[in-house]
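All heavy atoms count here, side chains included; hydrogens, waters and symmetry mates do not.
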Amino acid sequence: QVQLVESGGGMVQAGGGLRLSCVASERTVSTYGKGWFRQTPGKEREFVAGISGSGGSTYYADSVKGRFTISRDNAKNTVYLQMNSLKPEDTAIYFCALRRPGSSYYTASGYDYWGQGTQVTVSS
């Protein structure tokens, strides 16, 4: 059973930045595609960013393009989400997830394992 553990969330003022990290427990999935999603109360989980196993391809939601950067370090079994120019509407619980090979990066149904989430709060 793969476990994903996120860290790095917190409270920040609008315009600030945070870096989220997600470590996977199993080395066997170090080269799997991974993604970040976010969720607010009463809403469905929303795709934020995805990255291929090699890190050579990245994918972003339109709402975060130019502000967020996803990256990975396979030697550390870790994926990162650098978030800059944060806005109050970025406030959410952020989840990392392990993509099922061959599935879409953009939909939650394409991921098999999820972390517990980390809260990001952006104040205006």
Side-chain angles (χ1 to χ4, degrees):
Q1 184 81 359
V2 177
Q3 291 185 334
L4 302 172
V5 180
E6 303 100 335
S7 62
M11 184 176 293
V12 65
Q13 288 190 333
L18 285 172
R19 188 176 83 154
L20 307 183
S21 299
C22 173
V23 180
S25 61
E26 300 292 330
R27 293 292 304 170
T28 53
V29 299
S30 63
T31 57
Y32 278 42
K34 294 185 175 71
W36 286 96
F37 286 72
R38 64 188 182 188
Q39 190 170 25
T40 54
K43 293 190 176 180
E44 291 189 357
R45 204 161 286 190
E46 172 192 30
F47 171 77
V48 175
I51 188 166
S52 63
S54 66
S57 297
T58 55
Y59 312 86
Y60 296 96
D62 288 342
S63 59
V64 307
K65 277 181 184 175
R67 300 188 299 121
F68 290 12
T69 303
I70 189 171
S71 62
R72 65 190 299 158
D73 183 338
N74 287 347
K76 296 182 178 179
N77 221 5
T78 301
V79 63
Y80 305 97
L81 185 68
Q82 178 66 48
M83 306 185 295
N84 297 328
S85 302
L86 282 162
K87 305 174 181 179
E89 52 263 42
D90 294 317
T91 295
I93 299 175
Y94 284 71
F95 299 88
C96 73
L98 181 68
R99 171 182 163 266
R100 185 183 319 114
S103 298
S104 168
Y105 280 91
Y106 295 95
T107 58
S109 61
Y111 294 77
D112 286 329
Y113 296 97
W114 295 81
Q116 82 289 351
T118 185
Q119 176 71 48
V120 171
T121 302
V122 184
S123 61
S124 57

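Every residue two or more places apart in sequence or in another chain was checked for a salt bridge (charged side-chain N to carboxylate O under 4.0 Å, His left out) with Lys43, and none qualifies. Listed by chain and number, the residues in a salt bridge (charged side-chain N to carboxylate O under 4.0 Å, His left out) with Arg67 are Asp90 (sequence neighbours excluded). With sequence neighbours excluded, the residues satisfying side chain to side chain donor-acceptor pair (under 3.5 Å) with Tyr94 are Arg38. For Thr31, the side-chain contact (heavy atoms from CB on, under 4.5 Å) test picks out Asn74, with sequence neighbours left out. When the side chain to side chain donor-acceptor pair (under 3.5 Å) test is applied to Gln119, the partners found at least two apart in sequence or on another chain are Thr121. Applying the side-chain contact (heavy atoms from CB on, under 4.5 Å) criterion to Ser7, with sequence neighbours excluded, gives Ser21. Taking the side-chain contact (heavy atoms from CB on, under 4.5 Å) definition, one finds that Gln3 meets it with Ser25, sequence neighbours left out.
Other members of a hydrophobic cluster containing Val23 are absent, since no ILVMFWY side chain comes under 4.5 Å of it, directly or through relayed contacts. Here Leu4 is tied into one hydrophobic group with Val2, Val29, Tyr32, Leu98, Tyr113, each link being a pair of ILVMFWY side chains closer than 4.5 Å.
Looking at every heavy atom in both residues, Phe95 comes nearest to Glu6 through CA-OE2, 3.3 Å. Closest approach of Ser124 and Ala14 over heavy atoms only: CA-CB, 4.3 Å. The heavy-atom pair separating Gly35 from Tyr111 by the smallest distance is N-CE2, 3.6 Å. Residues Ala49 and Leu81 approach most closely at CB-CD1, 4.1 Å, considering heavy atoms.
Linking ILVMFWY side-chain heavy atoms closer than 4.5 Å, directly or via other members, places Tyr80 and Trp36 in two distinct hydrophobic clusters. Tracing side-chain contacts under 4.5 Å through hydrophobic residues (I, L, V, M, F, W, Y), one never reaches Val79 starting from Tyr105; they form parts of separate clusters. Cluster membership for Tyr59 and Val64, using ILVMFWY side-chain heavy atoms within less than 4.5 angstrom, is not shared. Residues Phe37 and Met83 do not share a hydrophobic cluster, defined by chaining ILVMFWY side chains whose heavy atoms lie under 4.5 Å apart.
No side-chain heavy atom of Thr40 sits less than 4.5 Å from a side-chain heavy atom of Ile93. Between Gln82 and Phe68, the closest side-chain pair of non-hydrogen atoms is not below 4.5 Å.
The salt bridge (Lys or Arg N to Asp or Glu O under 4.0 Å) pairs that include a residue from residues 101-124 are Arg100-Asp112, where partners are two or more places apart or lie in different chains. Residue pairs meeting the salt bridge (Lys or Arg N to Asp or Glu O under 4.0 Å) criterion with at least one member in residues 18-30, sequence neighbours excluded, do not occur. The list of salt bridge (Lys or Arg N to Asp or Glu O under 4.0 Å) pairs with a residue in residues 70-86, not counting sequence neighbours, is empty.
A distance of 12.5 Å separates SG in Cys96 from CD1 in Ile51, rounded to the nearest 0.5 Å. Remark: Thr91 OG1 to Met11 CE distance equals 8.5 Å, nearest 0.5 Å.
The main-chain N or O of Ser52 is never found under 3.5 Å from a side-chain atom of Ser57 such that the two would form a donor-acceptor pair.
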Evaluate side-chain contact (heavy atoms from CB on, under 4.5 Å) for Thr69 paired with Tyr60, printing each intermediate quantity in order. CA-CA 8 Å; Thr69 303; Tyr60 296 96; 3.9 Å; yes
Check against side-chain contact (heavy atoms from CB on, under 4.5 Å), Leu20 and Val120: CA-CA 9 Å; Leu20 307 183; Val120 171; 4.1 Å; yes
